[in-house]
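Keep in mind that this is a model prediction, so the values were computed, not measured. Atoms within a ligand are numbered from 1 in the order they appear, just like the ligands themselves. Heads up: numbering here begins at 1 and tracks the sequence.
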Amino acid sequence: MKKLYEEAQKEISKADSLQQIESLRVKYLGKKGKLTQILRGMGSLKPEERPIIGQIANEVREKIENILTETKNKIAQLEKEKKMKIEYLDITMPGKLYKYGHKHPMTQVLDEIKKIFLGLGFSIAEGPEIEFTYYNFEALNTPEDHPARDLQDTFYITSDILLRTQTSPVQVRTMEKTKPPIRVISPGRVYRSDEIDATHSPVFHQMEGLVVDEGITMGDLKGVLNIFAKKFFGEDTRTKFRPHFFPFTEPSAEMDVSCFACGGKGCRVCGYTGWIEILGAGMVHPNVLKMSGIDPEKYTGFAFGLGIDRITMLKYGIEDLRLLFENDMRFIEQF
Ligand code: PHE
């Protein structure tokens, strides 16, 4: 039995899995195990020897049971540690970050501009990007020999269909189907056959404005655009109107705003002039009113057009127009 104990001790100490422990328990202590076999032979012993041997057998059983339990616990502990290592979960690790989309900077600017004009009682008009030459030029009092009509500047589809070069054709379309008073803005894409560079793109965005009613004057034009400039660029913004020429307005002007970056002192943003040109405008030419079916003797109106891309670039200090079109997330995410 002593030998049996030593043998069991040796074997059990080598065990490294719970199954091995179980089979060793069966091997030594089971019904058909080694210890049981020895006890079966007790019949041949003298009666006075039996209790002594029986006691030794119990001790050996107890000792083997003890090492089995000990080893079993040790293995269980090791297995648990192994499992913990494999299944380790760092609950302090930051979770997955989901990215939320948001509006493109140009859409944000356009929304802001729309809100200002809707607040002034304007509504939104739309027109097609593929337009009749008539609406883009003739009806806008733009003669055949005007440089804008040149193939070099305009994408023609046929001789009388083109990609609109400005949002101004929406003026005519609106006047054709609406009676004054008219107060509309019309944002949208326009196309010009320009080479792509930091300030040019063959497709860009404009917003047209048109007001037609009895007694509309240049004072109304200045008043509305002043309010817009202050609301959009800040209450301290001053405006300046310079004479200009557009075939479809008379008189025509360009409007500058005092530089929102330096307040007019002169800086990099305004090219050290203190002023930034933001839109073209003027009183709707009587020929345009007439061609659109509105009596120029009874009604007058003003119109303006501004570049959304340009205003977005100014507002956010974006120096390259291409950034607005490339949709590089590293850029877009900054707004
Ligand atoms: N359509 C003109 C342009 O593209 C801008 C403009 C609109 C000027 C309305 C006057 C009135 O430059």
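Using the six-membered ring where Trp is involved, Phe122 and Phe304 have ring planes that are perpendicular, over 60° apart on the 30 and 60° scheme. In this structure, Phe228 and Phe232 have parallel ring planes: the angle between them is below the 30° cut-off, well short of the 60° mark.
In terms of the salt bridge (charged side-chain N to carboxylate O under 4.0 Å, His left out) criterion, residue partners of Glu254 (sequence neighbours excluded) are, by chain and number, Arg242. Listed by chain and number, the residues in a salt bridge (charged side-chain N to carboxylate O under 4.0 Å, His left out) with Arg330 are Asp328 (sequence neighbours excluded).
The shortest separation from a heavy atom of Met283 to ligand 1 is not under 4.0 Å, leaving the residue out of contact.
The option from Gln206, Glu254, Glu208, His285 that lies nearest to atom 3 (C) of ligand 1, judged by heavy atoms, is Gln206. When Gly209, Ser252, Gly282, Gly305 are ranked by how near their heavy atoms come to atom 5 (C) of ligand 1, first place goes to Gly305.
Judged purely by distance below 3.5 Å, without hydrogens or angles, the side chains of Gln171 and Glu208 pair a donor atom with an acceptor atom.
Counting the atoms of ligand 1 from 1 in the order shown, those under 4.0 Å from a heavy atom of Ser168 are 1 (N), 7 (C). Of all the atoms in ligand 1, the ones that sit under 4.0 Å from a non-hydrogen atom of Phe304 are 7 (C), 9 (C), 11 (C). Of all the atoms in ligand 1, the ones that sit under 4.0 Å from a non-hydrogen atom of Phe248 are 1 (N), 2 (C), 6 (C), 7 (C), 8 (C), 9 (C), 10 (C), 11 (C).
For ligand 1, the polar-atom distance check against Gln171 finds no nitrogen or oxygen pair separated by under 3.5 Å. At least one N/O-N/O distance between Gln166 and ligand 1 falls below 3.5 Å.
A pairwise comparison of heavy atoms in Val170 and Arg164 identifies CG2-NH1, 3.6 Å as the closest pair.
The nearest protein atom to atom 12 (O) of ligand 1, hydrogens excluded, is given as Phe246 CE2, 3.8 Å; this is a heavy-atom distance.
Cation-pi geometry between Lys63 and Tyr5 is met: under 6.0 angstrom from the ring centre, within 45 degrees of the axis.
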